[in-house]
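So that the names make sense, note that chain A is the first sequence line, chain B the second, and so on, each numbered from 1.
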Amino acid sequence: MVASNTIDRGRTLLREQPVLALAGVAGAVLVLDLLARLAGVEVPLVGDRTFGGSLGMGRFGGLLWNGIIVGLIFGLAGIGLSMTYSILNFANFSHGDLVTTGAFTGWGAALLVAGWGVADVGHLLLVRPGSGANPNEIGASIAQAPLSILIGAAVAAVATVVVAVAIDRAVYKPMRDRGGIALLIASIGVALALRYVIQFVYGSRNRGVTSTQDVNATVLGITIDLHEATLVLVAAGLMLGMHLMLQRTKLGKAMRAMADNKDLALVTGIPTERVVTATWVLGGALAGVAGYLYVLERGTIEFNLGWFLLLFIFAAVILGGIGSIYGAIAGGFVIGFVHEVSLIWVPSDFNAAAAFTIMILVLLYRPQGLFGGVTTA
Amino acid sequence: MSGDDTPSTEGVSAKRDPTATAPENALLRVRDLDAGYGDLQILTDVVLDVGDGEYVTIVGPNGAGKSTVMKTVFGLTTYMDGTITFQGSEIHRLPPERIIHEGISYVPQNENVFGSLTVEENLEMGAYILDEVPEERIEAVYDRFPVLRERRDQKAGTMSGGQRQMVAMGRALMLDPDLLLLDEPSAGLAPDLVDDMFDRIDAINDDGTAVLMVEQNAKTALRRCDRGYVLAQGENSYTDTGDRLLADERVRQQFLGG
């Protein structure tokens, strides 16, 4: 009975949502394959293709850890994107370049503090290690110069806030009542302008900035990259702070109220322009810190890093349910995990495609996203 | 007597002069108001008064501009000409967030609660302009609408229409306003809840808050209020006490469906 019921339901699903049914089967096969690999079982199929194989627990754990790291970056940057979407009603394509802004301004400050006296001030501020002293000589790492890393994070936040609020005053505020499409297109223009200003000021070369000396520490027999650990702690702390701010403070409640219903917020006496400014301040700060932490983890910086991140950030935010910060965080983790864990099966050129495929599948099943329609802001 | 089809003011008990029965020291005084949306003018020479603690309704056919009068008082439309004074000071150029400070609160017709916020958070938002959340005002609202106290942590969007209307009114009462603007408070309510809603409005008015209300449910509204205005095509036609408007032949025929 139970079996025939299951088969019936399977048939209905196959008929009504064939893509989903197929995805379900594929997912089940992948999970079985993963378990087989972890158990070291290998069944030869056709040619050199096999079912299962061998995958060490260590490598699997490493992929999961990378998934957490990437997910935190996507989620942290996605919170601001989701907030501007829900409170200002437009998809901000310049958000990725705010991430880049934070990365460069933050690392300029971090290198300046860490490399004071070692290298030329101009080179440090413009994030150009190598022309003079190399990154290891400057020593910008959490192990060698923790203070410089924290100062860099603070500067990344503040500088990105200044840029975000200035752009809002100059471009978005005069267009406030124009509707989402006009603002979206304006934001693409802002994105291009911002990116090439960054390229003009900082140059287009991809370069290493962090020092890699002494950043690996062994805790309880597990080797941890201290830069990754810093990223996890700071990002998780900021997300928790955002949650408390939105739920507990008057400003946070006003932001949720405005995301919910702008007209009612206005007649209730909520100072809507102040809430908009607060949205840029918080969203900009998180975007800037996300860019800064991203560089801390990967070690290199270039002028279009935010633009390349933007697609993933959008994927995370849409997957989670655009407008919800909890959706952005959850979506970030889903995209991050898929991005990394899919490396078990696909070469690293294709793992981004796997992440977007998951986004499409989730949206087929839940068009409003994971948290969409549940709660705003 | 002109008992033919030529409209005449003779034989009509309601008065032509809209200010005729208005109180001497009006709380809200609207004079020759022109307003609309953008370039579109909706209201022409509207004259209206609300006395201290008075309960006034605006009735009229659909599209007469009833809601527009209310929105204009609250600074939500395009002001064109005329004056609106509240407690002696002109407010017709003020934005809504300043008008709230003057002592007027407004309950819109639709989507008048923050659905994703809890009941208590909705009330807190009503007092946003104060530095601290006035706990005693929240308690006063809970005393007025006890069901809201029971459901203080429930998301307002998950409540019934009648309860949502209570949340909306409670939010508007958080600042203890001198004048409460209500736009179609009975809209969307189940018929058996409509009387209950009007009882609650009576109670709010009895406690000293002046009420200016727009209602589609004209007969009930006129029966309940102190005074009514009949608005047609963006202009005042008559004002009188609610009972006398109800009894008026012209008003009955034109606006109340006979």
For atom CZ of B:Arg98, is the number of surrounding heavy atoms from other residues, nucleotides or ligands below 6.0 Å larger than 12?
no
At a heavy-atom separation under 4.5 Å, does B:Val133 approach chain A through its side chain, its backbone, both, or neither?
neither
What heavy-atom pair brings A:Asp260 and B:Leu117 nearest, and what distance separates the two atoms?
OD2-N, 4.3 Å
Around B:Tyr37, counting heavy atoms of other residues, nucleotides and ligands shown, do more than 12 lie under 6.0 Å from its OH?
yes
I need the minimum non-hydrogen distance between A:Arg256 and B:Ser116, along with the two atoms involved.
NH2-O, 4.0 Å
Nearest 0.5 Å, what's the NZ-OG1 distance between A:Lys253 and B:Thr118?
7.0 Å
Proximal component of B:Glu111, with respect to chain A [non-hydrogen, under 4.5 Å]:
both
Basic-acidic side-chain contact under 4.0 Å: B:Glu124, A:Lys250:
no
Should we count OH of A:Tyr85 as having more than 12 external heavy atoms under 6.0 Å?
no
Does a donor on one side chain sit under 3.5 Å from an acceptor on the other, for B:Arg171 and A:Thr268?
yes
So which residue, A:Val267, A:Thr272, A:Ile270, ends up with the most heavy-atom pairs under 4.5 Å with chain B?
A:Val267
Does B:Asp206 CG have over 12 foreign heavy atoms under 6.0 Å away?
yes
May I ask you to check whether over 12 heavy atoms, not counting those of A:Leu240, lie within 6.0 Å of atom CG?
yes
Relative to chain A, which segment of B:Asp131 carries a heavy atom at a distance below 4.5 Å: side chain, backbone, both, or neither?
backbone
Residues of residues 73-91 of chain B within contact distance of chain A, non-hydrogen under 4.5 Å
B:Phe74, B:Leu76
Identify which part of B:Leu130 has an atom lying under 4.5 Å from any heavy atom of chain A, answering side chain, backbone, both or neither.
backbone
State whether the number of non-hydrogen atoms from other residues, nucleotides or ligands found under 6.0 Å of B:Glu132 atom CD is greater than 12.
no
Do other residues, nucleotides or ligands put more than 12 heavy atoms under 6.0 Å from A:Arg274 CZ?
no
Apply the test side-chain contact (heavy atoms from CB on, under 4.5 Å) to residues A:Leu264 and B:Tyr106: give CA-CA distance (whole Å), side-chain angles for both, the deciding distance (0.1 Å), then the verdict.
CA-CA 10 Å; A:Leu264 187 60; B:Tyr106 169 60; over 6 Å; no
Are more than 12 heavy atoms from other residues, nucleotides or ligands located less than 6.0 Å from atom CZ of A:Arg169?
yes
Could you check whether any side-chain heavy atom of A:Asp263 comes within less than 4.5 Å of a side-chain heavy atom of B:Pro108, counting everything from C-beta outward?
no
